[in-house]
Amino acid sequence: MFRVILFSLILSACSSKAPPASNLVSPGPSVGLFSHSVNIDSGEQVELAGAFGEALLGAISAQGFTGVAMGATDIESADFGATRAEDRATAIVIAAAQGVSQTLVVEASASLFSQLQGQFRWVVSVDATLVKGGGSSPTTETMSVEVPVFLRYQHQGEDEAFDAAAPSLERALSPLLRGLR
Amino acid sequence: MISRRCAARLGAAVCLVGALAYPSVASAADGSVGGYFRLMTRPDFQGGDGKLGYWNLYGRLMNEGPYVALHSQLELLEQRPGEDDVWARVHARVEGGTVAGADTGGGSLSQMRLSQLYTEVGNILLPEVIFRVGTLESWMGDLGLYDWRPTSLLGDTVGLSAALHGDKYDLLLGVGDAGFFHNPNRYNTLFSGGGSIRLRPIDQVEIGIGAQFRYEPAVLGNVNAPYYTPDIDYTDWLRGEVMSVWDAENPGQLQNFPDPVSNSADSSKLVGYMGFGGFGPLVWSSLFVSYEQVHPDAVTTEVYDGVEYDLFVSELTDDRSVLTVAEELHLTLVPNVADLVMSAIYGLHVDGDNDVAPSDHARTYMSTVNRLQVFITPRVHLLVEGSLAKESSTNGNQYREHYDSIFSSTDGVSDSRGLEYGDSSERHTAQGKIGAVLNPSGQGIFTRPSLRLLYGAQWSSQSNAFGNSFVDSLDQYNSFGNVERHWHHMVSAETEVWF
């Protein structure tokens, strides 16, 4: 009995040393996720959140993996420059530093196509890159997807377009994410 | 000091920079196509033509026929994010209201039209300004339940526009020619210019105003320019008796019938818009106001004694105006359970030249359409829609409430030379629709695609108030008989898709 209590105490002590939840790599297969949107006019990059971000995590989860979102602050701290390609590489380095050997890098943009019969047609363009294997010889698979979405009102913009594209995106990325297995 | 392990990771990252292509939003000469269609089958056991009522004043649902629109966009020079270099794209739209097997048009391409074609360029001459050459139509939103755009501007104009879009504003200025739109077979230059500004002081409020002005100059000698034939009596013109009356009053002097007099013509449109929402259950409220001075007609023809005469009518048709006030309210009654859209419209058509005969240019109408959509499951919905409408003719009777109503009348008295029609100056209409909606893309009253199975009923004060092929003659030799009917029932299987 004493041995059981002692073992439990040791186990709980060990678990309390785990990193904060935001950087926690869940037990089991993990996939780092770095995603951001690019404003087509200003070029401003913003971390993807909301339904779109959840859809990406859901797409990873559907393959039996756990997505670990990496935020923009991680990128800034790495300070690898401003170009998007370098951001991707940075994401991989950060993922590797956290013990994640597979990374999904997603860049999305939304542009207004036209007014069309009472709705505003937007096109959400997504470039996704799956990087597998850390170390000095990672392999990559890429996929580009365009998802048309329709918004009812003119004041609705990029954020609403990303949210509207989320269900289709989750399904569209499945072929790429099957490469995780 | 960088560790060996970290250095290896950095090396891998640098390798990847080369391996990963710069992701463009759209590659050069990249094209894409979007579109819209609705298609339905509505077998009508009461002899109608597949629509529940006459027009979309009672709601677009079950009152419109099939429609197809294809809109293509070609990126000639890509717009690169954050760059201020020049970009260019071409838009083209083909649309029309026919599909093989679904209407009388048989899906013929002759029923389709190239309704929009334009080139847009950005960051040329002025930074952030988008120049467009081609068709210029723009509007500040739709009445979704009516398929109505009260604030449409420059829809008749081909020309040049400049647009500037910001977080808090949208600005548009355009000029061009609307001559081919208004009179394609008798073209005369019709200068058209206008603009609009829409402000968003906060995310929850939008205010917009706009205007369009058209001017058709007098061009002496050009048969297609505006003219008026002097001394035409409006009643004679309506009856097609201008020449016969002239001949009766001036025997043997038809060759001295007055020559047309050259004049100029103009027209204009003012629009206003206010929208707000994004709080509580209110998704968005849109209030539209428009006032249009309608552009006058050019010419009509009259055949007398085997000879065709042109009557120039710009002065008989230059005092027509249309006032429209409309509201649409989009509510989320219970999130993920039910959405409600409430709409209303009021229209006032005034014709200052005509105080003798009923006409579409002299009437008022008001209507409300309300649609409730309950999400039984995320993809199976229940749709319930109801509408009430009242239409009033300013110049006397225009509607037949009974199958044996008189056709031509004066103050309700049978008069074969009367200018009124039927036995009522008002038409009252009520419609109800209910049915199941399958939405593969999930919840939302405006989410598409939709597959609908609907039942609709209409009651109208007018007899047989729907498109039909009934024989309405009261002639004693009418072998088909007459029928009076105020109720109209219909089922419909239909689909509506944006893609």
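Here is how names work: the chains are called A, B, and so on, in the same order as the sequence lines, proteins then strands, and each is numbered from 1. Atoms considered below: every heavy atom in the structure, side chains included; atoms not considered: hydrogens, waters and symmetry mates.
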J.: Tell me, for A:F150 versus chain B, whether the close heavy atoms (under 4.5 Å) come from the side chain, the backbone, both or neither.
T.: side chain
J.: Quick one: are A:H155 and B:W284 in side-chain contact, heavy atoms under 4.5 Å?
T.: yes
J.: In this structure, are over 12 heavy atoms from other groups packed under 6.0 Å from B:M112 atom CE?
T.: yes
J.: Rounded at 0.5 Å granularity, tell me how far NE2 in B:H91 sits from OG in A:S114.
T.: 6.0 Å
J.: What part of B:Y67 gets within 4.5 angstrom of chain A, counting heavy atoms only: side chain, backbone, both, or neither?
T.: side chain
J.: Assess the residue pair A:S111 and B:Q79 against the criterion (side-chain contact (heavy atoms from CB on, under 4.5 Å)); give the C-alpha distance rounded to whole Å, side-chain angles, the decisive distance to 0.1 Å, and a yes or no.
T.: CA-CA 10 Å; A:S111 57; B:Q79 181 179 11; over 6 Å; no
J.: What part of A:D41 gets within 4.5 angstrom of chain B, counting heavy atoms only: side chain, backbone, both, or neither?
T.: both
J.: Is B:D170 in contact with chain A via its backbone, its side chain, both, or neither, using a 4.5 Å heavy-atom distance?
T.: side chain
J.: In Å and rounded to the nearest 0.5 Å, what is the CG to CD distance from B:D142 to A:Q119?
T.: 8.5 Å
J.: Got a list of side-chain donor-acceptor pairs under 3.5 Å for residues 163-175 of chain A, not counting sequence neighbours?
T.:
residue	atom	partner	partner atom	Å
A:D163	OD1	A:A51	N	3.4
A:S174	OG	A:E170	O	3.4
A:S174	OG	A:R171	O	3.1

J.: Quick check: does any side chain N or O of B:W498 sit under 3.5 Å from a backbone N or O of A:L116, one acting as donor and the other as acceptor?
T.: yes
J.: Tell me, side chain or backbone of B:V33 under 4.5 Å from chain A's heavy atoms, or both, or neither?
T.: backbone
J.: Please say whether more than 12 non-hydrogen atoms of neighbouring residues, nucleotides or ligands are located less than 6.0 Å from CE in B:M342.
T.: no
J.: Highest number of heavy-atom pairs under 4.5 Å with chain A: which of B:E137, B:R198, B:M140, B:E206?
T.: B:R198
J.: Are any of the side-chain heavy atoms of A:R121 and B:H71 separated by less than 4.5 Å?
T.: no
J.: List the steps, then state whether side-chain contact (heavy atoms from CB on, under 4.5 Å) holds for B:V283 with A:R152.
T.: CA-CA 10 Å; B:V283 177; A:R152 180 75 182 85; over 6 Å; no
J.: Out of B:H165, B:R200, B:R93, which one racks up the most heavy-atom pairs below 4.5 Å with chain A?
T.: B:R93
J.: If every non-hydrogen atom of B:R149 is compared with every non-hydrogen atom of A:Q117, which pair is closest and at what distance?
T.: NH2-CA, 3.6 Å
J.: Kindly check if the number of other-residue, nucleotide or ligand heavy atoms within 6.0 Å of CD (B:E128) is above 12?
T.: no
J.: Is B:Q116 close to chain A through its backbone or its side chain, or both, or neither, when contacts mean heavy atoms under 4.5 Å?
T.: neither
J.: Measure across A:F113 and B:S72 and return the closest heavy-atom pair with its distance rounded to 0.1 Å.
T.: CZ-C, 4.2 Å
J.: Just to verify, what does B:E496 make a salt bridge (charged side-chain N to carboxylate O under 4.0 Å, His left out) with, not counting sequence neighbours?
T.: B:R60, B:R448, B:R452
